[in-house]
Amino acid sequence: MSEQHNNPEKTGDGADVAIMLLGRRGSPAAYAIRDFLHRSDVPYRWVELTSDEEARAKAQVSGLADPRLPVCLFPDGTRFENPTVRQITEKLGWFRNPSRSEYDLAIYGAGPAGLSAAVYGASDGLKTVVVERSAVGGQAGASPKIENYLGFPGGISGADLAERARQQAVRFGAEILLNREGVRGEFMPGKGIGYLADGAKIVARASVCATGVEYRRLGLPNEERFFGAGVYYGAGASEAMLCGRQHVFIVGGGNSAGQAALHFCRYTDKVTLVVREDSLQHSMSEYLIERLRATPQVEILLNTEVVALHGDEILRGITLRDNRTGAEWYAETSWLFLCLGGVPHTQWAEEVGIQRDSGGYLITGVDLKGDNGWPANWTLNREPYPMETNLPGVFAAGDVRHGSIKRFASAVGEGAMAVAYIHRYLTRG
Ligand SMILES: Cc1cc2nc3c(=O)[nH]c(=O)nc-3n(C[C@H](O)[C@H](O)[C@H](O)COP(=O)(O)OP(=O)(O)OC[C@H]3O[C@@H](n4cnc5c(N)ncnc54)[C@H](O)[C@@H]3O)c2cc1C
């Protein structure tokens, strides 16, 4: 299975890359690498090993059970056995340490909101750093085709759009630290310190939290066990070509589920959309509903839930339940994609006194004003700027922000707006 990309700017040394990844089907480690490479728009070829002989001949390991799988081969001859995504990032020349002891602007999250803030911050001359836990693009990076973003009438893949934004931000001088996770913050007047999971710290005069949301889980007992081995979160753009005409199930009634269903139809014979609600009307755009209805391979099961997962090393089947009748039935599948929306991960914010709503979204601007006025820890004699949290100089943009519209374009707009108010903060306090 191979994917063609043409993006010579991606490598640190300016050369194009064509990585070969060899592994067995249903390997979570191989999935993590495929997902990262796909989102990052890096050319790679996936070679699925189906027998011990093939594993010996092609990957030079003892068999399919060899823990050295997956094997990753780079064009310069470098061979990684069961590598981490970080090792791949390092090899690509993308794993960097912060180059400055202090920045004007630190952005956490390189989804649409963070990338937009990076483009506007860096192009306005702010010393800007972006910290991203995984690959650039965020949720959008998993979208096979974004069709409602202004200026792309034929649609564009999320990975492609994210890669363009990454290049744009870097061209203006933003520093992007991939595979680094912000875990804790410390904020004082005029300065914020972000602590990363690997011990590094980022000091900046202003910060933007653009960490978006994380995919919601189904909450079934063996869900984690099958993650990357039949159960996938999001539209699974890297997996579509590997389904080999097998029956694919997608859970969710939103636009991401609709997009995924249409995308999978290009590679497989039957896609079943499992929707808990009794209609798609309230959760999915009309253009997607119409297209789904016009696509014979798509089956839509309303009022239905996945209630159990079955398998061995990989997912082999699921139990579905019709919530109106209570009837349950088994369906054979090794492909279950969960497009269930997301939840923000903002526990760190509570620890530093940033206000969140009941869902964990960060509250900003006028929304901070309650019946008793501004929050007790708001000490300035001005009102918080739009998109500013109750800690001066700490802003939130995109899906993580309370009241945000969960759209690509609005995340991009919020990233740009946050930078406009950050200028005000940096000049007037
Ligand atoms: C499959 C799919 C298809 C979609 N299709 C469309 C569409 O067609 N049109 C549309 O308008 N919208 C679409 N959306 C919604 C849109 O993608 C989101 O609204 C948008 O991505 C939100 O952007 P964001 O930057 O706020 O957050 P996200 O995209 O969630 O990005 C947040 C980023 O922050 C990173 N991060 C999280 N925590 C940390 C941390 N502690 N440290 C460092 N980094 C961190 C994450 O890894 C991620 O990269 C789609 C969403 C999905 C999932």
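Indexing begins at 1, ligand by ligand and atom by atom, following the structure's order.
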> Quick one: does Gln139 get an N or O within less than 3.5 Å of an N or O on ligand 1?
yes
> In terms of side-chain heavy atoms, does Glu163 have a donor or acceptor partner in Gln167 at a distance below 3.5 Å?
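A pair is found: one side chain offers a donor N or O, the other an acceptor, under 3.5 Å apart.
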> Could you find the nearest protein heavy atom to atom 42 (N) of ligand 1 and give me its residue, atom name and distance?
Gly182 N, 3.0 Å
> Which atoms of ligand 1 are found less than 4.0 Å from any heavy atom of Ala113?
25 (O), 26 (O)
> Measure the distance from atom 52 (C) of ligand 1 to every protein heavy atom, then report the residue, atom name and distance (to 0.1 Å) of the closest one.
Ser256 CB, 3.7 Å
> Between Ser157 (side chain) and Pro144 (backbone), is there a donor-acceptor pair under 3.5 Å?
no
> Charged N to carboxylate O below 4.0 Å: is that the case for Glu388 and Arg382?
yes
> What protein heavy atom sits nearest atom 15 (C) of ligand 1, and how far away is it?
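So the nearest neighbour among protein heavy atoms is Lys406 O, 4.1 Å.
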> Can any side-chain N or O of Glu223 pair as donor or acceptor with the backbone N or O of Leu220 at less than 3.5 Å?
yes
> So do the side chains of Val42 and Trp94 get within less than 4.5 Å of each other, counting heavy atoms only?
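Answer yes - side chains close enough.
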> Which of the numbered atoms in ligand 1 are below 4.0 angstrom from a heavy atom of Gly212?
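Listed by number with element, the hits are 27 (O), 28 (P), 30 (O), 32 (C).
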> Quick test: of every protein heavy atom, which one is nearest to atom 12 (N) of ligand 1, and how far off is it to 0.1 Å?
Phe408 N, 3.3 Å
> I need the atoms of ligand 1 closer than 4.0 Å to a non-hydrogen atom of Gly138, numbered in the order shown.
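Within the 4.0 Å cut-off of Gly138, ligand 1 contributes 29 (O), 31 (O), 48 (C), 49 (O).
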> Is Gln259 touching ligand 1 with its side chain, its backbone, both, or neither, if touching means heavy atoms under 4.0 Å apart?
side chain
> Which bit of Ala210 gets closer than 4.0 Å to ligand 1, counting heavy atoms only: side chain, backbone, both or neither?
backbone
> In terms of residue, atom name and distance, what is the protein heavy atom nearest to atom 47 (O) of ligand 1?
Glu132 OE2, 2.6 Å
> To check your reading of the model: name the closest protein heavy atom to atom 34 (O) of ligand 1, its residue, and the distance in Å.
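Checking every protein heavy atom, the shortest distance to atom 34 (O) of ligand 1 gives Gly109 CA, 3.2 Å.
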> How are the rings of Phe408 and Tyr149 set to each other: parallel, tilted or perpendicular (split at 30° and 60°)?
perpendicular
> For atom 26 (O) of ligand 1, what is the closest protein heavy atom, and at what distance to 0.1 Å?
Asp399 N, 2.8 Å
> Counting each atom of ligand 1 from 1 as listed, which ones have a heavy atom of Gly111 under 4.0 Å away?
25 (O), 31 (O), 33 (C)
> Regarding ligand 1, does Pro112 bring an N or O atom to under 3.5 Å of one of the ligand's N or O atoms?
yes
> How close do Tyr215 and Tyr233 get, counting heavy atoms only, and between which atoms?
CD1-CB, 3.4 Å
> Kindly indicate whether a cation-pi arrangement holds for Lys91 with Phe74, taking the cut-offs as under 6.0 Å to the six-membered ring centre and within 45° of the axis.
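Flagged: Lys91 positioned over aromatic ring of Phe74.
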> With backbone taken as N, CA, C and O and side chain as the heavy atoms from C-beta onward, which portion of Tyr215 lies under 4.0 Å from ligand 1: side chain, backbone, both, or neither?
side chain
> Does atom 50 (C) of ligand 1 have a protein heavy-atom neighbour under 4.0 Å away?
no
> Is there a donor-acceptor contact under 3.5 Å from the side chain of Ser404 to the main chain of Lys406?
no
> Indicate yes or no: does an N/O atom of Ser134 lie under 3.5 Å from an N/O atom of ligand 1?
no
> Find all atoms of ligand 1 within a distance of less than 4.0 Å from any non-hydrogen atom belonging to Gly398, and give their numbers and elements.
26 (O)
> Pull out every atom of ligand 1 sitting under 4.0 Å from any heavy atom of Ala140, numbered as shown with elements.
17 (O), 21 (O)
> Quick one: look at Val213 and ligand 1, take heavy-atom pairs under 4.0 Å, and tell me if it's side chain, backbone, both or neither.
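It is the backbone that gets close, since no side chain atom is under 4.0 Å.
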> Main chain of Glu102, side chain of Arg205: is a donor-acceptor contact present, judged purely on distance under 3.5 Å?
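Judged by distance alone, no pair lies under 3.5 Å.
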> Taking Leu37's backbone N and O only, do any of them form a donor-acceptor pair with Ser40's side chain (distance below 3.5 Å, no angle check)?
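Flag not set: sc Ser40 to bb Leu37 has no pair under 3.5 Å.
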> Under 4.0 Å from atom 19 (O) of ligand 1, is there at least one protein heavy atom?
yes
> Closest non-hydrogen protein atom to atom 44 (N) of ligand 1, residue and atom name please, with distance?
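Going by distance alone, atom 44 (N) of ligand 1 is nearest to Arg133 N, 3.1 Å.
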> So is Val131 close enough to ligand 1, meaning a heavy atom under 4.0 angstrom away?
yes
> Go through ligand 1 atom by atom and flag the ones less than 4.0 Å from a non-hydrogen atom of Arg180.
43 (C)
> If you draw the axis of the six-membered ring of Phe172, does the NZ or CZ of Lys127 fall within 45° of it and under 6.0 Å from the ring centre?
no
> Just go through Asn179, Thr211, Ile107 and tell me whose heavy atom is the nearest to atom 39 (C) of ligand 1.
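Among Asn179, Thr211, Ile107, the closest heavy atom to atom 39 (C) of ligand 1 belongs to Thr211.
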> Kindly say whether Ala349 contributes a backbone atom to a donor-acceptor pair with the side chain of Thr346 at under 3.5 angstrom?
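Checked: no pair found.
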> Can you tell me how far apart CD1 (Ile88) and OH (Tyr44) are? Round to the nearest 0.5 Å.
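That separation rounds to 11.5 Å.
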> For ligand 1, which atoms, with element, lie under 4.0 Å from some heavy atom of Asn148?
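So the answer, numbered in order with elements, is 7 (C), 8 (O), 9 (N), 10 (C), 11 (O).
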> Are side-chain N/O atoms of Asn255 and Ser285 paired as donor and acceptor at under 3.5 Å?
yes
> Check the orientation of Trp335 and Phe337. Use parallel for under 30°, tilted for 30 to 60°, and perpendicular for over 60°.
parallel
